[in-house]
Amino acid sequence: MVGGRRAASRSLLLLAGTTTLTQPAHAGAWAVAEGVQQWFAAVSHETGDFGESWRADDLIEAGLGGNWAVNAKIESEIRISDFHDDRTAFQVGVLKAFALTDRASFALQASILGGEAVEGPECQDAGLELRAALGTSFSLFGREGFVNAEAASRSRGDCDRQITEISAGLTFAPKWNLILKAWDERGSGSLSTKAEASLSHDIGNFRIGLGWREEISGKFEEKGWVASLGAKF
């Protein structure tokens with residue numbers, strides 16, 4: 001019984017690392033096991049005060065063993081309003097996770113940034129991001145869940161931004177997952193706080209998701225849907 005619960009928890013924790021990917025993609029507080037790779041892609045469409053935008057995020061992470069992992073992501077956005085604004089960014093990082101208990105983990109990540117910042121006013125040039133994450137899993141009425149919180153600081157040229165993120169998930173039925181999340185980005189002219197809710201379904205090694213995202217800062221209006229696809233191999 002305990003072994004089965006721990007196995008379920010470990011499986012959920014591996015997936016918890018990718019739950020934030022429908023926003024700017026990050027790895028979470030856990031490192032995937034040695035020899036394991038996971039991939040995640042998301043496409044979103046939003047409309048609001050700044051016109052219409054399409055966004056795509058792709059991330060791949062590979063476990064190196066010893067709670068070390070490397071990851072890389074590409075994100076791009078096309079914003080359509082009075083004029084078209086196309087942006088593409090990439091990030092390559094290394095993550096070290098530290099197990100706190102059987103159900104809790106802390107992680108540090110350092111990443112190299114390139115391209116343009118997708119969110120907020122334009123930020124270019126190469127840069128660096130430092131990120132800390134803390135996560136834990138739990139059992140609620142026999143269903144496995146998790147909470148993951150992250151804080152990051154980005155520096156790219158003359159742009160400095162601070163990011164905070166929190167996500168929570170629950171496997172409410174076999175192979176069905178509910179994910180709630182919120183994130184805030186500010187600094188260098190950027191101020192945005194968004195919330196998102198999504199449902200996903202596991203089919204073999206794949207996870208298919210569909211969600212709704214909305215700006216909640218009150219500074220501007222923006223909302224739309226997001227579709228995602230993940231795999232572990």
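Environment of CZ in Phe233: crowded, with over 12 heavy atoms of neighbouring residues, nucleotides or ligands closer than 6.0 Å. The environment of Phe220 atom CZ is dense: over 12 non-hydrogen atoms of other residues, nucleotides or ligands sit within 6.0 angstrom. With a 6.0 Å radius and a threshold of 12 heavy atoms from other residues, nucleotides or ligands, Leu100 has its CG atom above the threshold.
At least one side-chain heavy atom of Asn67 sits less than 4.5 Å from a side-chain heavy atom of Lys96. Counting heavy atoms from C-beta on, the side chains of Ser200 and Lys175 never come closer than 4.5 Å. You'll find the side chain of Glu77 stays beyond 4.5 Å of the side chain of Glu116, heavy atoms only. The shortest side-chain heavy-atom distance between Thr193 and Arg186 falls under the 4.5 Å cut-off. Two residues are said to be in side-chain contact when any heavy atoms from C-beta on lie closer than 4.5 Å; Thr136 and Thr101 fail this criterion. Within the 4.5 Å cutoff, the side chain of Arg87 has no heavy atoms near those of the Arg79 side chain. Under the 4.5 Å side-chain criterion, counting only non-hydrogen atoms from C-beta, Ile60 is in contact with Gln37. Side-chain contact check for Lys73 versus Phe40: every heavy-atom pair is 4.5 Å or farther apart.
When atom types are taken as modelled, the side chain of Arg156 and the backbone of Gly114 share a donor-acceptor pair closer than 3.5 angstrom. With hydrogens and angles disregarded, a donor-acceptor distance shorter than 3.5 Å links the side chain of Asn148 to the backbone of Ala29.
Taking both residues in full, the closest heavy atoms of Ile179 and Gly169 are given as CD1-CA, 3.7 Å, listed atom of the first, atom of the second, then distance. Between Ala195 and Ile216 the shortest heavy-atom distance is CB-CD1, 4.0 Å. When all heavy atoms of Phe90 and Gly115 are compared, the pair lying nearest together is CE2-N, 3.9 Å. Residues Asp58 and Trp39 come closest through the heavy atom pair OD1-NE1, 4.0 Å. Nearest heavy atom pair, residue Val32 against residue Val36, reads CG2-O, 3.6 Å. Residues Gln162 and Gly187 come closest through the heavy atom pair OE1-CA, 4.3 Å.
Applying the ring pair (Phe, Tyr, Trp, His ring centres under 6.0 Å) test to Trp54 and every residue at least two apart in sequence or in another chain returns His45, Trp225. Here Trp176 pairs with His201 under the side chain to side chain donor-acceptor pair (under 3.5 Å) rule; sequence neighbours left out. Applying the side chain to side chain donor-acceptor pair (under 3.5 Å) test to Ser192 and every residue at least two apart in sequence or in another chain returns Glu215.
Under the 4.5 angstrom side-chain criterion for Ile, Leu, Val, Met, Phe, Trp and Tyr, the cluster partners of Ile78 are Ile80. Under a 4.5 Å side-chain heavy-atom criterion applied to ILVMFWY residues, the cluster that includes Leu113 comprises that residue alone.
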Would Lys181 and Glu150 count as a salt bridge (charged side-chain N to carboxylate O under 4.0 Å, His left out) if you check the C-alpha gap in whole Å, the side-chain angles of each, and the deciding distance to 0.1 Å? CA-CA 11 Å; Lys181 60 190 97 173; Glu150 305 187 26; over 6 Å; no

Under the criterion side chain to side chain contact (heavy atoms under 4.5 Å, CB included), I'd like the reasoning laid out for Arg131 against Arg154: C-alpha separation, chi angles, the key distance, then a yes or no. CA-CA 9 Å; Arg131 177 174 292 264; Arg154 289 180 184 168; 4.2 Å; yes

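Between Gln91 atom CD and Leu59 atom CG the span is 8.5 Å, to the nearest 0.5 Å. Of the inter-residue distances, the one linking Asp49 atom CG with Lys219 atom NZ reads 13.0 Å to the nearest 0.5 angstrom. Between the CG atom of Leu229 and the CD1 atom of Ile208 there is a distance of 6.0 Å, given to the nearest 0.5 Å. Annotation: the span from Ser139 atom OG to Leu170 atom CG amounts to 9.0 Å, rounded to 0.5 Å. A distance of 9.0 Å separates OG of Ser76 from CG of Asp86, quoted to the nearest 0.5 Å. Gln109 CD to Leu95 CG: the interatomic distance, rounded to the nearest 0.5 Å, is 5.0 Å.
No side-chain donor from either of Arg55 and Ser44 sits under 3.5 Å from a side-chain acceptor of the other. Side-chain contact, Glu214 with Trp212: a donor N or O sits under 3.5 Å from an acceptor N or O. There is no side-chain donor-acceptor pair under 3.5 Å between Glu165 and Ser167.
Here disulfide (SG to SG under 2.5 Å) pairs that include residues 157-233, with residues two or more places apart or in two chains, are Cys123-Cys159.
Each of Ile203 and Leu210 belongs to its own hydrophobic cluster when Ile, Leu, Val, Met, Phe, Trp and Tyr are linked at side-chain heavy-atom distances under 4.5 angstrom. Under the 4.5 Å side-chain contact rule for hydrophobic residues, Leu180 and Phe138 share a cluster. Grouping the Ile, Leu, Val, Met, Phe, Trp and Tyr side chains by contacts below 4.5 angstrom, directly or via other members, places Ile74 apart from Val92. In the hydrophobic cluster analysis, where Ile, Leu, Val, Met, Phe, Trp and Tyr join through side-chain heavy atoms closer than 4.5 angstrom, Leu199 is grouped together with Leu140.
Paired with Gln38 under the rule side chain to side chain donor-acceptor pair (under 3.5 Å), one option of Lys232, Arg207, Glu61 passes, and it is Glu61.
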